[in-house]
Each structure stands twice: as C-alpha cells, then as structure tokens.
Amino acid sequence: MTPEGLERAARMVADSGLLAVSSGAGMSRESGIPTFRDAMEGLWARFDPQELATEAGFRANPRRVWSWYAWRRERVLNACPNPGHVAVAQLAEIVPELVVVTQNVDGLHADAGSRGVVEVHGSIRRVRCLDRGHAFTGELPPYTEGEEQDPPPCPVCGSPLRPDVVWFGEMLPVDAVQRAWSLAGRCGAMLLIGTSGTVWPAAELPLVARRSGARVIEVNPHPSELTHAADVFLQGPAGEVLPALLAAIRTAAR
Ligand code: BV8
C-alpha cells in the first residue's frame with residue numbers, strides 16, 4: 001500500500017456517509033484461520049472444500065464432513081480477532097454509519113466488537129439438523145485433532161446435526177441477502193477485504209456498490225477477481241493495512 005493510496009482511501013471513507021465492509025476469508029487469516037484456498041491443511045489436504053461444503057458431500061460421508069467442521073470450529077473457538085477486525089470495529093466509531101457483511105462463518109468480527117454483522121454464509125458456531133432445521137443449542141462433543149466423529153442426532157427429530165452454514169448449491173439466507181444487497185446499493189463506499197471474489201453471489205456485492213456510484217477500496221495482499229472494480233487497491237495483509245487506514249482517516253479528520 002502506498003501513502004497516496006491510503007490518503008485517497010481515507011478521503012473516500014471519510015466522504016462515504018454509509019460505509020459497507022465486505023470481508024472474506026483473508027480477513028481472518030492473521031487470526032490463524034486458514035482461507036478456503038488453503039483450508040485444506042494437514043490431514044484435510046487430500047479433500048476439496050467445495051466437495052465437503054455441500055449437502056451431497058455430507059450425505060455421502062457425514063462422519064468426514066462433520067469432523068472437518070468440528071476441526072474448523074475448534075480452531076475458530078480458539079482464535080482471536082486480529083488488528084484488522086479491531087480496526088473495522090473502531091472505524092464504526094468514527095464514520096457516520098458502517099455495516100459489516102461477511103462471507104466468513106467464524107464470528108470474529110462480532111468478537112472484535114462489530115455489531116449487526118450480516119453473515120451471508122451463516123455461522124460455524126451454530127448447529128441445526130439436516131432434515132428439519134431444528135436449531136441445536138446443546139453441548140457438542142469435544143473434538144480432538146485427527147479423530148473422526150459421527151454427527152450427533154437431532155434431539156427433536158433424530159436427523160443428523162450439521163453446521164448452520166450455507167453449503168455450495170444452497171440458497172443464502174433471505175434476510176441476509178436483502179440486507180447485504182440493500183447496503184451495497186446505498187453505501188457511499190465499500191471496503192472489500194480479503195476475498196478472492198470467486199464465490200457467488202457474494203462476489204457481486206462490490207459490483208452492485210460500484211454500479212450504484214459507490215467508491216470501492218480493496219484490501220488484499222494479492223490482486224483478486226474483483227480488483228478490476230476497485231477505485232483503490234491497498235495491497236497488503238488486513239492486519240496491517242486496516243490499522244494504517246484507520247490512522248490515516250483519524251489524521252484526515254483532525
Ligand atoms: C447459491 C460456508 C443458489 C461454508 C461458503 C453465480 C450465482 C450464484 C451461484 C453461483 C454462481 N456461479 C456459481 C455458483 C455456485 C456457487 C459458487 O459460487 N461456486 C464457485 C466455487 C464458482 N455458489 C453457491 O453455491 C452459493 N449458493 O448461489 O445458491 C444456487 C444454487 C445452485 C446453483 C446456482 C445457484 C453458495 C455459496 C456459499 C458457499 N459457502 N462458506 C463453509 O465455510 O464451509 S463459501 C466459502 O468459500 C467462504 O464462505 C467464502 O465465501 C468462500 C471463500 O472465498 P474467500 O472468502 O474469498 O476466500 P478465498 O480463500 O477464496 O480467498 C482468500 C483471499 O484472501 C485471497 O484473495 C487472498 O489473497 C486473501 N488474503 C490472504 N491473506 C490475507 C488476505 N487478505 C487480507 N489479509 C490477509 N492476511
């Protein structure tokens with residue numbers, strides 16, 4: 001990221017009125033949560049996330065898919081928000097209105113203090129049953145690295161429990177879609193953080209914002225499939241760029 005880029009981005013954020021933040025897996029990389037591109041670490045390296053993160057994959061091998069999520073949930077529950085999450089939460093205190101829309105299922109934006117986060121792909125922290133969607137709020141069996149567990153049965157209807165996330169081939173939650181697309185259409189600027197822009201329809205959000213006249217600022221160590229839509233590309237990790245952007249906005253506001 002360059003000082004000029006930071007200064008331009010700071011002005012766009014300061015002038016935005018409503019700032020929409022749209023984050024992907026890169027937002028949580030510095031919290032130790034692997035991105036989807038590198039989610040297959042170690043014992044999961046031989047599987048394809050797009051195969052495991054589907055209902056068909058779960059029905060074909062409930063033990064494997066349940067265990068993959070148990071492994072990820074364990075990592076999420078032991079993770080802390082990084083300086084990037086904290087900067088986004090602090091940004092909400094200095095701009096007129098800020099709303100976070102995230103593809104992430106880890107809940108780390110809320111842990112950092114962001115309120116009203118729109119989770120377009122659900123949450124790995126929530127569990128429901130496969131056949132009837134009964135929410136499960138009980139205690140889940142503890143997971144230790146390397147073990148495989150069968151999904152517990154729903155106490156209400158007996159169907160296997162599953163993570164309350166949106167799998168490939170599943171519709172996104174209607175209320176989350178309505179909020180996210182409305183924000184993208186109304187915001188003065190969108191801060192696009194840590195997404196490759198490969199998963200749809202979430203990848204459309206910055207394009208909706210741009211079509212509606214908003215400025216788009218991208219934060220990513222690498223160009224993505226959405227960089228073409230960005231007015232400013234702040235190249236670097238979220239945990240470094242976002243605190244620098246916050247500082248630049250505070251300086252500009254003096
Ligand atoms: C649907 C929850 C209706 C589960 C996830 C067009 C329109 C609609 C649908 C489609 C379409 N084209 C194709 C589809 C189908 C499909 C899709 O998008 N397929 C892709 C693979 C082509 N979409 C769907 O199925 C969606 N459903 O539309 O329903 C329908 C139904 C059937 C057919 C048609 C339509 C549902 C998609 C949601 C899937 N669920 N998550 C779980 O977590 O297990 S997606 C999951 O992967 C994540 O949530 C996230 O969305 C995605 C990963 O993407 P990113 O977040 O961008 O992460 P990625 O690893 O790719 O990249 C990381 C980035 O971070 C990189 O750019 C990297 O450079 C950067 N980075 C790295 N370090 C840092 C960093 N950035 C900042 N700081 C750092 N330190």
Side-chain angles (χ1 to χ4, degrees), residues 1 19-42 44-45 47-50 52-53 68-92 98-127 143 145 163-168 172-173 176 180 190-200 202-203 205-206 217-227 233-246:
M1 75 186 138
L19 176 66
V21 172
S22 184
S23 68
M27 181 81 235
S28 299
R29 189 76 193 76
E30 291 151 276
S31 296
I33 307 292
T35 67
F36 242 66
R37 297 284 158 287
D38 54 26
M40 308 317 281
E41 289 179 348
W44 300 104
F47 301 119
D48 173 4
Q50 278 161 38
L52 296 184
W68 182 53
Y69 280 95
W71 170 68
R72 289 174 60 195
R73 186 180 306 110
E74 199 65 20
R75 291 186 75 144
V76 162
L77 296 178
N78 289 311
C80 299
N82 64 57
H85 293 107
V86 173
V88 167
Q90 290 173 342
L91 207 42
L98 183 155
V99 183
V100 178
V101 177
T102 189
Q103 297 174 68
N104 298 338
V105 297
D106 55 37
L108 289 176
H109 277 298
D111 286 353
S114 289
R115 287 190 300 280
V117 177
V118 183
E119 295 176 319
V120 293
H121 291 160
S123 171
I124 201 167
R125 300 188 187 194
R126 290 194 305 269
V127 172
Y143 173 80
E145 185 93 15
D164 189 19
V165 299
V166 178
W167 277 333
F168 288 100
L172 279 56
M190 176 174 280
L191 199 43
L192 184 66
I193 310 165
T195 182
S196 61
T198 51
V199 171
W200 291 80
L205 287 169
I217 301 151
E218 183 176 27
V219 176
N220 198 316
H222 312 290
S224 72
E225 296 195 17
L226 293 166
T227 305
F233 177 51
L234 299 177
Q235 186 152 16
E240 285 172 30
V241 172
L242 293 169
L245 177 58
L246 180 66

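We number each residue from 1, following the sequence as shown.
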Nearest atoms (heavy-atom pairs only) where [X] meets [Y]:
| X | Y | result |
| --- | --- | --- |
| Asp111 | Pro81 | CB-CG, 3.6 Å |
| Val120 | Ala180 | CG1-CB, 4.0 Å |
| Ala203 | Gly197 | CB-O, 3.5 Å |
| Ala79 | Ile33 | CB-CD1, 3.7 Å |
| Ala112 | Val86 | CB-N, 4.0 Å |

Side chain to side chain contact (heavy atoms under 4.5 Å, CB included) evaluation trace for Met190 with Leu205: CA-CA 9 Å; Met190 176 174 280; Leu205 287 169; 4.2 Å; yes
Ser31 and Asn82 side chains, donor-acceptor separation under 3.5 Å: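 On atom types as modelled, these side chains qualify, holding a pair under 3.5 Å.
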Pairwise side-chain contact, Val88 with Ile193, heavy-atom cut-off 4.5 Å (strictly under): yes
Side chain proximity check, Val166 to Pro173, heavy atoms < 4.5 angstrom: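 Yes - at least one pair of side-chain heavy atoms lies under 4.5 Å apart.
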Audit row: Leu191, Val219, side chain to side chain contact (heavy atoms under 4.5 Å, CB included) steps and yes/no: CA-CA 7 Å; Leu191 199 43; Val219 176; 4.1 Å; yes
Rounded distance [0.5 Å steps], [atom1] in [X] versus [atom2] in [Y]:
| X | Y | atom1 | atom2 | value |
| --- | --- | --- | --- | --- |
| Phe233 | Leu226 | CZ | CG | 11.0 Å |
| Tyr143 | Leu77 | OH | CG | 13.5 Å |
| Leu242 | Leu91 | CG | CG | 8.0 Å |
| Leu234 | Leu192 | CG | CG | 11.0 Å |

Trace of the side chain to side chain contact (heavy atoms under 4.5 Å, CB included) decision for Met27 with Val21: CA-CA 11 Å; Met27 181 81 235; Val21 172; 5.8 Å; no
Salt bridge (charged side-chain N to carboxylate O under 4.0 Å, His left out): pairs with one or both residues in residues 112-123, sequence neighbours excluded: Glu119-Arg126
Would you confirm whether [X], through its side chain, and [Y], through its main-chain N or O, come within 3.5 Å as a donor-acceptor pair?
| X | Y | answer |
| --- | --- | --- |
| Glu30 | Ala238 | yes |
| Thr227 | Ser224 | yes |
| Arg125 | Asp106 | yes |
| Arg73 | Ile124 | yes |
| Gln235 | Met1 | no |

Stepwise side chain to side chain contact (heavy atoms under 4.5 Å, CB included) test for His121 and Leu172: CA-CA 6 Å; His121 291 160; Leu172 279 56; 4.1 Å; yes
Pairing residues for Pro243 by the side-chain contact (heavy atoms from CB on, under 4.5 Å) criterion, not counting sequence neighbours: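 Scan of Pro243 (side-chain contact (heavy atoms from CB on, under 4.5 Å), adjacent residues dropped) gives Pro83, Ala87.
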Sequence-distant partners of Thr198, side-chain contact (heavy atoms from CB on, under 4.5 Å), two or more places apart: Arg37, Ser196, Glu225
Qualifying residue, where the test is side chain to side chain donor-acceptor pair (under 3.5 Å) with Ser23 and the options are His85, His109, Gln103: His109
Geometric class of the Trp167/Tyr69 ring pair [parallel <30°, tilted 30-60°, perpendicular >60°]: tilted
